[in-house]
Amino acid sequence: MEVREGALLPTVSVGGAGTVGSTAPLFVVPDELADLTRGRSRTIHSGPRARRYLAGYLRWLRLSDLTMILLALSVTTIARFGLDGASLSAPNLSRDVGYWEIGAGLAVAWVLMLHLHSGYDGRLSGHGVQEYRQVFHASLWLFSSLAIVAFALKLDVARGYVMLAFPLGTLLLLASRWLSRRWLVRQRRAGRLSDRVLLVGDRAHVADLVVALQRTPDAGYNVLGACVDNTSGGKVAGVPVVGAEADVLVRAADMSVDVIAVSSSAGLGSTGLRHLGWALEGTDIDLVVAPGIMDVAGPRVLTRPVQGLPLIHVDAPSFAGPNLLLKNAMDRVGAALGLIVLLPVLLGIALMIRLDDGGPVFFGQERVGRDGRTFRMLKFRTMHTGAESALPSLMAINQGCGPLFKLRTDPRLTRRGGVLRRYSLDELPQLLNVLRGEMSLVGPRPPLPREVASYGADARRRLLVKPGMTGMWQINGRSDLSWDESVRLDLYYVENWTPLLDLMILWRTFRVVLRPDDHGAY
């Protein structure tokens with residue numbers, strides 16, 4: 001069993017085991033699957049095995065990784081010892097070993113370590129931070145092992161060699177992976193190189209799963225249809241209903257799918273899920289389960305088998321400790337550097353606003369921060385003075401969701417205000433709020449007091465952390481999100497934030513700012 005974060009929904013990949021025996025079947029089993037269950041060699045379709053379409057991409061990853069590793073080790077050897085290199089001698093060695101030879105051995109060991117840490121598992125490609133985490137862990141384990149071996153054998157490996165090879169090689173690997181991922185993401189957004197998926201469950205939960213998977217094509221799940229409890233109605237969330245839950249195996253064979261994804265509410269029960277896994281043994285179809293703990297990320301989940309029963313331990317979310325100290329330090333340092341680097345831009349925008357209509361440069365508005373404390377959030381002014389007083393007259397044409405007010409074409413905007421909002425430049429003064437500790441670089445959207453007054457118990461959990469200049473809501477649709485989806489994304493962040501997740505969101509924010517039309521910015 002493997003927990004994987006896909007489209008912000010944890011999925012569990014399940015491998016079947018055992019044989020069906022004489023237990024009564026819970027599904028309509030097509031002849032092709034029945035043949036396999038009886039040990040015959042037929043397959044249910046002639047298409048490629050799940051994720052075999054990624055074979056070429058994974059070969060490229062191996063080649064690019066090896067190239068980056070050889071480049072890093074060559075640069076390290078030349079920088080440390082010159083073109084002639086140097087030799088390592090020790091009492092336990094029969095002869096001196098050149099650093100070029102050590103580099104060749106390290107290159108082979110590095111690739112093997114990437115294999116051992118699932119660095120070429122196609123299920124981790126294209127979405128999330130797991131792929132990058134595995135690359136970093138593999139590199140860290142390699143050089144940790146090198147240090148242990150050197151200590152045990154009393155090898156005096158040059159410290160400068162290790163101190164340069166580890167960070168340089170890791171950075172080159174991560175950069176190469178990122179560039180390769182950009183290509184893969186473009187293919188998936190064009191409808192290629194993705195798993196063909198059939199969903200199973202009740203209509204409500206299947207609809208939620210469809211929305212999440214379709215919003216994140218990078219994860220590589222192309223939903224073709226759904227088998228639901230109530231087959232009345234031709235579609236669920238835009239996806240065709242192809243049968244009842246009991247028909248899932250027949251439909252999977254007919255549609256040549258790669259993955260059957262079972263929602264947490266599917267009426268299969270533990271016995272049905274076990275039989276489904278058994279029926280898929282030896283086929284080209286993977287079984288994926290979306291558990292009921294929909295918004296708990298992998299790092300908080302630990303699976304522990306007890307007497308054959310897989311128990312999922314869920315750690316409580318953390319709102320204190322070393323990670324919080326690191327986050328606060330990242331916020332203050334990042335805000336200070338941002339203000340220094342962006343000072344010419346800030347001055348230029350301020351001058352532009354002043355010359356536009358002669359009004360004030362900044363707009364301050366009361367917002368609600370951590371634990372319900374209010375603060376005055378700063379923005380560059382994008383509306384005419386007195387815009388707040390005109391708000392009641394515009395409520396009838398509000399295009400926002402829930403308690404939010406949004407208009408795609410707001411008549412209160414100044415000539416330059418629309419441009420500032422489109423590229424999020426109006427939010428740059430919030431770096432001062434971050435520097436003062438009122439906001440974070442990454443966090444939930446900072447709400448207005450009137451919005452908080454209408455919050456339910458779930459939405460109030462957004463106030464457990466500082467609001468952010470950017471967050472899950474900004475990189476996943478922004479103003480185009482429904483209220484429920486916006487709350488879900490913010491709660492996901494509140495429950496699962498880590499410094500690494502913050503860095504990932506900041507990185508993706510730059511792309512969102514450069515391509516505002518694709519991410520609901522208005």
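Side chains included, hydrogens not; waters and symmetry mates left out as well; all remaining heavy atoms used.
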Inset, instruction - Among L503, V442, L325, find the residue that satisfies the side-chain contact (heavy atoms from CB on, under 4.5 Å) test when tested with M330. - result: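 When L503, V442, L325 are each tested with M330, the side-chain contact (heavy atoms from CB on, under 4.5 Å) holds only for L503.
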
Legend entry - Option among T76, V162, V111, L73 that satisfies the side-chain contact (heavy atoms from CB on, under 4.5 Å) test with L106: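 Among T76, V162, V111, L73, the one that satisfies the side-chain contact (heavy atoms from CB on, under 4.5 Å) with L106 is L73.
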
Inset, instruction - Kindly compute the distance separating CG (D286) from CG (D195), expressed to the nearest 0.5 Å. - result: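 Answer for the CG-CG pair, D286 versus D195, is 7.0 Å.
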
Legend entry - Spacing of CZ belonging to R177 relative to CG belonging to L61, to within rounding of 0.5 Å: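 Rounded to the nearest 0.5 Å, the CZ-CG separation comes to 4.5 Å.
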
Between the side chain of [X] and the main-chain N/O of [Y], is any donor-acceptor distance below 3.5 Å?
{"X": "D121", "Y": "R123", "result": "yes"}
{"X": "R196", "Y": "D258", "result": "no"}
{"X": "S176", "Y": "L172", "result": "no"}
{"X": "D247", "Y": "G243", "result": "no"}
{"X": "R203", "Y": "K235", "result": "yes"}
{"X": "T170", "Y": "P167", "result": "no"}
{"X": "T283", "Y": "I285", "result": "yes"}
{"X": "Q134", "Y": "H117", "result": "yes"}
{"X": "R370", "Y": "V465", "result": "no"}
{"X": "R462", "Y": "P444", "result": "no"}

Inset, instruction - Under the side-chain contact (heavy atoms from CB on, under 4.5 Å) rule, what do L501 and V129 come out as? Steps first, then yes or no, please. - result: CA-CA 8 Å; L501 179 60; V129 299; 5.7 Å; no

Legend entry - Side-chain heavy atoms of S486 within contact of R445, under 4.5 Å: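 Of all side-chain heavy-atom pairs linking R445 with S486, none is under 4.5 Å.
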
Inset, instruction - Please name all residues satisfying side chain to side chain donor-acceptor pair (under 3.5 Å) with S440, sequence neighbours left out, ordered by chain then number. - result: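 Side chain to side chain donor-acceptor pair (under 3.5 Å) list for S440, sorted by chain: K327, D331.
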
For residues [X] and [Y], is any side-chain donor paired with an opposing acceptor at under 3.5 Å?
{"X": "D202", "Y": "H205", "answer": "yes"}
{"X": "D502", "Y": "Y493", "answer": "yes"}
{"X": "Y53", "Y": "R192", "answer": "no"}

Legend entry - Contacts of type side chain to side chain contact (heavy atoms under 4.5 Å, CB included), residue V75, not counting sequence neighbours: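 If we apply the side chain to side chain contact (heavy atoms under 4.5 Å, CB included) test to V75, skipping adjacent residues, the hits are L71, L168.
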
Legend entry - For R59, all residues meeting side chain to side chain contact (heavy atoms under 4.5 Å, CB included), sequence neighbours excluded: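 So R59 forms a side chain to side chain contact (heavy atoms under 4.5 Å, CB included) with A55, R62.
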
Inset, instruction - Verify side-chain contact (heavy atoms from CB on, under 4.5 Å) between F136 and L173, making sure each step is shown before the conclusion. - result: CA-CA 9 Å; F136 178 77; L173 282 173; over 6 Å; no

Legend entry - SB check R189 D218 (cutoff 4.0 Å):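 Yes, this pair counts.
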
Legend entry - Plane angle bin for H115 and Y120 - parallel if under 30°, tilted between 30 and 60°, otherwise perpendicular: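 Correct class here is tilted.
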
Inset, instruction - Describe, in one word, how the ring planes of W183 and Y57 are oriented to each other, choosing from parallel (under 30°), tilted (30 to 60°) and perpendicular (over 60°). - result: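 If you compare the ring of W183 with that of Y57, the planes turn out parallel.
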
